[in-house]
Amino acid sequence: MTFSPDLSGLDLAAVEAAIRRAAAEEIMPRFRQLAAEDIVEKNGPHDLVTVADRRAEEQLTAALTDLLPGSRVVGEEAVHADPTVLDALHGDAPVWIVDPVDGTRQFVHGDPGFATLVALAHRGELLASWTYAPALGLLAVARRGAGAQLNGVPLHTGSPEPGAVLHVATSHYDFTDDDQKRVLAVLDTAGVAPRPCGSAGLEYLHIARGELDAIAFSWENAWDHAAGLLLVQEAGGASGTVAGQPFRIEGGNTLPFTAARDAETARRILELLAAAN
């Protein structure tokens with residue numbers, strides 16, 4: 001198959017079906033059914049992986065590369081096992097960016113606020129994304145230049161009401177160092193109401209639905225952000241880093257960064273963050 005950046009050669013319905021199947025076969029049967037041996041700490045007590053994460057990523061890797069021969073997969077668990085997997089983000093082949101269970105901590109604790117995130121990128125450009133929350137019955141899809149939908153209904157971020165307090169989800173304090181906490185603390189100011197984030201993918205969906213005004217995140221793992229950034233963009237939102245540059249999924253960003261319901265909200269959040277950076 002010759003890859004076309006306009007996605008004309010890719011069966012998008014088959015991608016959706018593969019994501020739903022991986023969740024149905026590998027994730028949902030284990031939801032609220034995990035045994036202690038099914039859960040492993042990666043880099044500390046808050047950084048968990050389960051058998052559901054690994055099995056779902058393995059299934060998605062096989063299915064997605066079958067749908068797009070010659071493509072590569074950058075999955076969270078594969079990168080944890082072999083960091084050189086990230087090199088695919090700098091190559092010429094189309095890349096699937098996969099987070100099999102975004103919000104593993106929620107998943108482990110029986111909270112339905114987790115999602116499977118899949119994005120397709122080519123030479124650093126995001127082309128399509130899927131955000132699937134199987135326990136909540138939500139599937140959001142975005143295509144470059146074609147808008148975003150949630151369960152088949154178009155998504156629009158809208159803009160915050162003039163003068164309204166901005167509700168912002170920030171990097172969770174369990175996953176930030178002292179300097180990151182210091183920078184993010186500037187958002188605790190008049191007119192802004194920050195709170196710790198849950199599943200990053202679902203926070204992006206909240207922005208795309210107009211339920212959350214912005215995020216401010218201090219880490220750049222592509223699998224956490226790729227799907228959501230395209231979703232917000234195609235729903236009418238904006239994003240950027242404190243350096244005034246677009247977020248690069250390949251990494252090397254000046255952090256923190258934001259995604260927001262509109263450009264003015266993004267600008268305000270970045271101005272606050274830049275003042276403390």
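Everything numeric in this text was worked out from a predicted model, so none of it was measured.
- Residue pairs meeting the ring pair (Phe, Tyr, Trp, His ring centres under 6.0 Å) criterion with at least one member in residues 245-277, sequence neighbours excluded, are His225-Phe247, His225-Phe257, Phe247-Phe257.
- For the pair Arg248 and Glu250, the salt-bridge criterion is not met [side-chain N within less than 4.0 Å of a carboxylate O].
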Enumerate, atom names and distances included, each donor-acceptor pair closer than 3.5 Å involving a side-chain atom of residues 138-145, sequence neighbours excluded.
from   : atom 1 : to     : atom 2 : distance (Å)
Arg144 : NH1    : Glu125 : OE1    : 2.9
Arg144 : NH1    : Glu125 : OE2    : 2.7
Arg144 : NH2    : Pro5   : O      : 3.4

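- Between Phe114 and Asp102, the closest side-chain pair of non-hydrogen atoms is not below 4.5 Å.
- Counting all heavy atoms, side chain and backbone alike, His172 lies closest to Pro196 at CD2-CB, 3.5 Å.
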query = Could you walk me through whether Thr104 and Val108 pass the side-chain contact (heavy atoms from CB on, under 4.5 Å) check?
reply = CA-CA 6 Å; Thr104 298; Val108 166; 4.0 Å; yes

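- Hydrophobic clustering places Leu120 together with Ile19 (ILVMFWY residues linked when any side-chain heavy atoms are closer than 4.5 Å, directly or through intermediates).
- Transitive grouping of hydrophobic side chains (ILVMFWY, heavy atoms separated by less than 4.5 Å) brings Val85 and Trp219 into a common cluster.
- For the pair Asp213 (side chain) and His167 (backbone), a donor-acceptor distance under 3.5 Å is present.
- Residues Arg105 and Asp174 are paired through a salt bridge, judged by an N-O separation under 4.0 Å between the basic side chain and the carboxylate.
- Trp96 and Thr65 form no side-chain donor-acceptor contact under 3.5 Å, judged by distance and modelled atom types alone.
- Between Glu264 and Arg268, none of the side-chain N atoms (NZ, or NE/NH1/NH2) sits under 4.0 Å from a carboxylate O, so this pair counts as no salt bridge.
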Side-chain donor-acceptor contacts of residues 22-31 below 3.5 Å, not counting sequence neighbours, with atom names and distances?
from  : atom 1 : to    : atom 2 : distance (Å)
Glu25 : OE1    : Gln59 : NE2    : 3.3
Glu26 : OE1    : Arg30 : NH1    : 2.9
Arg30 : NH1    : Glu26 : O      : 2.7

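- Cluster annotation: Val95 is not connected to Leu68 through the hydrophobic network of ILVMFWY side chains, with a link wherever side-chain heavy atoms come within less than 4.5 Å.
- Using modelled atom types, one finds a donor on one side chain and an acceptor on the other under 3.5 Å when comparing Thr50 with Asp53.
- Distance check: Phe217 CZ to Gln180 CD gives 12.5 Å after rounding to the nearest 0.5 Å.
- The side-chain heavy atoms of Thr241 and Leu255, taken from C-beta on, include no pair separated by under 4.5 Å.
- In this structure a side-chain-to-backbone donor-acceptor pair under 3.5 Å is missing from Arg261 to Gly237.
- Judged purely by atom type and a 3.5 angstrom limit, Gln106 has no side-chain atom pairing as donor or acceptor with the backbone of Asp111.
- Using a 4.5 Å heavy-atom threshold, the side chains of Leu86 and Leu89 count as touching.
- Checked for salt-bridge contact, Arg267 and Glu271 meet the test: a charged N lies under 4.0 Å from a carboxylate O.
- Expressed to the nearest 0.5 Å, how far CG of Leu60 lies from OG1 of Thr116 amounts to 7.0 Å.
- Distance check, rounded to the nearest 0.5 Å: OG1 of Thr157 to CG of Leu231 gives 10.0 Å.
- For the atom pair Thr258 OG1 and Ile215 CD1, the distance stands at 5.0 Å (nearest 0.5 Å).
- Atom CG of Leu273 and atom OG1 of Thr254 lie 12.5 Å apart (nearest 0.5 Å).
- Residue Ser218 holds its OG atom at 5.0 Å from CG of Leu184, rounded to the nearest 0.5 Å.
- Cluster annotation: Trp223 and Val232 are assigned to the same hydrophobic cluster (Ile/Leu/Val/Met/Phe/Trp/Tyr, side-chain heavy-atom contacts under 4.5 Å, transitive).
- Between Glu203 and Arg195 there is a salt bridge, since at least one side-chain N of the basic residue sits less than 4.0 Å from a carboxylate O of the acidic one.
- Listed here is the closest heavy atom pair of Asp262 and Pro160: OD2-CD, 3.7 Å.
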